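See below for the structure under consideration.
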2 protein chains.
Amino acid sequence: MERNFKLTIEYDGSAFHGWQRQSSDPTIQGTIEAALGKMTRSSISLIGSGRTDAGVHATGQIANFHCDTALTPQTFIKGLNSLLPDDIVIKACLEVGDSFHARYDAKSKTYVYRICNASLPSAIGRQYSWHVRKKLDTEMMKAAIDYFVGTHDFKSFEGAGSPRSTTIRKIMAATLEAKDGATLLFTVKADGFLRFMVRNIVGTLVDVGGGRISPDDVPAILAARDRNLASATAPPHGLFLMKVEY
Amino acid sequence: MERNFKLTIEYDGSAFHGWQRQSSDPTIQGTIEAALGKMTRSSISLIGSGRTDAGVHATGQIANFHCDTALTPQTFIKGLNSLLPDDIVIKACLEVGDSFHARYDAKSKTYVYRICNASLPSAIGRQYSWHVRKKLDTEMMKAAIDYFVGTHDFKSFEGAGSPRSTTIRKIMAATLEAKDGATLLFTVKADGFLRFMVRNIVGTLVDVGGGRISPDDVPAILAARDRNLASATAPPHGLFLMKVEY
């Protein structure tokens with residue numbers, strides 16, 4: 001009888017060409033599917049809550065797969081973690097109802113973006129934050145963040161090349177938090193994200209914090225629906241998919 | 001005129017064969033000396049406060065070098081950081097008196113060892129802590145730590161192959177701190193360390209925390225002056241040289 005399993009996955013995206021299976025380059029999806037294939041001796045298709053781009057990390061990516069198997073969720077956790085490289089860890093496995101779909105059923109996602117705001121970079125943990133040399137004004141950044149919260153057309157913050165029916169998304173919450181002196185954590189929860197949306201918002205926030213643009217410019221940038229008005233895309237290695245809610 | 005410069009160095013030891021220069025493999029000392037050579041067009045010998053072994057990290061390694069140069073400390077910081085790979089960062093550079101010697105003048109060193117004590121490993125930050133699956137009893141570990149503090153003969157906790165005139169060292173302070181749920185931080189300050197001494201102590205502490213040996217076994221292990229009585233060496237990637245005091 002075919003069963004449906006839900007995985008919670010942590011990964012360090014540094015060495016991967018993103019989530020989505022590719023024929024040539026290593027990806028998270030492809031690597032986990034290969035391990036599932038070994039365990040079940042069948043060809044498994046893993047459905048992620050969404051793609052993450054090359055270099056992006058996750059602490060709480062969700063995926064599901066259907067399989068006719070007698071293996072238990074606990075066996076999948078143990079077996080997958082022993083087969084997978086140590087930059088992918090299966091944190092949880094649950095058997096779920098047949099209709100559960102990791103992408104279609106997602107109600108919200110939460111991302112965290114880490115900035116290291118210091119005159120000198122760090123060697124330790126450099127894989128996990130964007131080093132921004134110029135001292136950022138976090139009060140200005142918070143004022144800009146307030147303009148992003150709510151339901152908006154985020155076309156100005158969308159990267160090219162992702163299929164979608166609408167560019168309207170609802171940001172339910174967004175905060176900026178200083179931690180350990182030099183670290184800034186931007187946390188954003190939305191009903192969905194366009195491609196590069198978090199990284200494009202972060203790029204704009206850093207321009208606000210650095211004084212290149214004003215927080216009050218944000219409404220006009222949103223209204224213009226023009227990618228050229230927003231700032232450059234922040235690099236992938238500061239970004240973490242933290243949580244997917246259903 | 002020859003001047004003397006003191007560097008504070010942070011490095012991620014993952015990709016290096018330790019501090020000490022080697023002809024074949026990349027090392028921290030060799031990499032920084034090569035960068036200094038490019039900047040000064042001379043052959044520079046860098047004196048570290050001590051060696052760190054392959055895979056060990058540092059946030060506050062200290063080294064000094066002598067050079068007949070007109071370059072300023074600020075120029076060394078900028079120039080070295082632009083020449084060095086991003087897993088080595090020069091955090092500070094000071095001109096010091098001619099007699100300053102990073103190794104001979106060190107009064108104490110502080111190391112931190114990170115343990116991730118959780119049933120499942122982490123993908124994020126796995127390079128920076130030792131994953132110990134079995135739940136550790138931190139109260140037992142603290143009781144064991146108390147036996148290490150003070151002046152002792154640490155021969156039972158010494159790795160082979162390091163030249164030294166005595167195996168007596170003074171541990172001035174040692175603490176164990178729980179952080180973020182799963183992380184345990186062991187911090188130890190001493191007037192000097194034998195080779196593998198911190199990692200051998202950590203191996204023994206983990207055996208105490210896991211119930212394999214009792215805290216009260218520690219005095220006898222110390223007294224025996226026999227490496228075979230202490231536990232296995234903890235892996236290098238949890239260890240950080242944090243501070244050197246002069």
Side-chain angles (χ1 to χ4, degrees), chain A residues 7-16 28 31-32 52 55-61 73-74 76-82 84-93 112 114 116 118-131 133 179-183 235 237-242, chain B residues 7-16 28 31-32 52 55-61 73-74 76-82 84-93 112 114 116 118-131 133 179-183 235 237-242:
Chain A
L7 301 178
T8 305
I9 309 160
E10 176 177 324
Y11 49 84
D12 180 329
S14 306
F16 294 98
I28 324 286
T31 304
I32 300 174
T52 53
V56 173
H57 315 293
T59 55
Q61 169 70 294
Q74 198 54 39
F76 275 117
I77 294 180
K78 273 198 152 180
L80 289 174
N81 284 332
S82 75
L84 289 168
D86 63 3
D87 45 5
I88 303 178
V89 176
I90 306 301
K91 300 298 257 189
C93 178
V112 171
R114 294 171 63 96
C116 171
S119 56
L120 292 171
S122 284
I124 306 294
R126 69 197 180 284
Q127 313 89 330
Y128 303 126
S129 68
W130 180 24
H131 175 238
R133 199 174 301 268
K179 206 187 155 188
D180 299 339
T183 302
H237 64 280
L239 186 60
F240 294 74
L241 173 55
M242 200 172 76
Chain B
L7 301 178
T8 305
I9 309 161
E10 176 176 326
Y11 49 84
D12 180 329
S14 306
F16 294 97
I28 325 287
T31 305
I32 300 175
T52 53
V56 173
H57 315 293
T59 55
Q61 169 70 293
Q74 198 54 38
F76 275 117
I77 294 180
K78 272 199 154 180
L80 289 173
N81 283 332
S82 75
L84 289 168
D86 63 3
D87 44 4
I88 303 178
V89 176
I90 306 301
K91 301 298 257 190
C93 178
V112 171
R114 294 172 63 96
C116 171
S119 55
L120 291 170
S122 284
I124 306 293
R126 69 198 179 285
Q127 313 89 328
Y128 304 126
S129 68
W130 179 25
H131 175 238
R133 198 174 301 269
K179 207 187 152 188
D180 300 338
T183 302
H237 64 280
L239 187 59
F240 295 74
L241 172 56
M242 201 173 76

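Numbered from 1 within each chain, the chains take letters A, B, ... in sequence-line order. In this text, all values refer to a predicted model and were calculated from it rather than measured experimentally.
The two residues Leu120(A) and Asn81(B) have their closest heavy-atom pair at CD2-ND2, 3.5 Å. Tyr11(B) approaches Ala123(A) most closely through the heavy-atom pair CA-CB, 3.8 Å. Pairing each heavy atom of Lys91(A) with each of Pro121(B), the nearest pair is NZ-O, 2.9 Å.
Only the side chain of Ile77(A) comes within contact range of chain B, with at least one heavy atom under 4.5 Å from a heavy atom of that chain.
Exactly one residue among Asp12(B), Asp86(B), Asp87(B) makes a side chain to side chain contact (heavy atoms under 4.5 Å, CB included) with Gln127(A). That residue is Asp12(B).
Here the straight-line distance linking atom NE2 of His57(B) with atom CD1 of Ile124(A) works out to 5.5 Å at 0.5 Å rounding.
Looking only at side-chain heavy atoms (C-beta outward), Arg126(B) and Val89(A) stay at 4.5 Å or farther from each other.
Using modelled atom types, no side-chain atom of Glu10(A) and backbone atom of Ser122(B) make a donor-acceptor pair closer than 3.5 Å.
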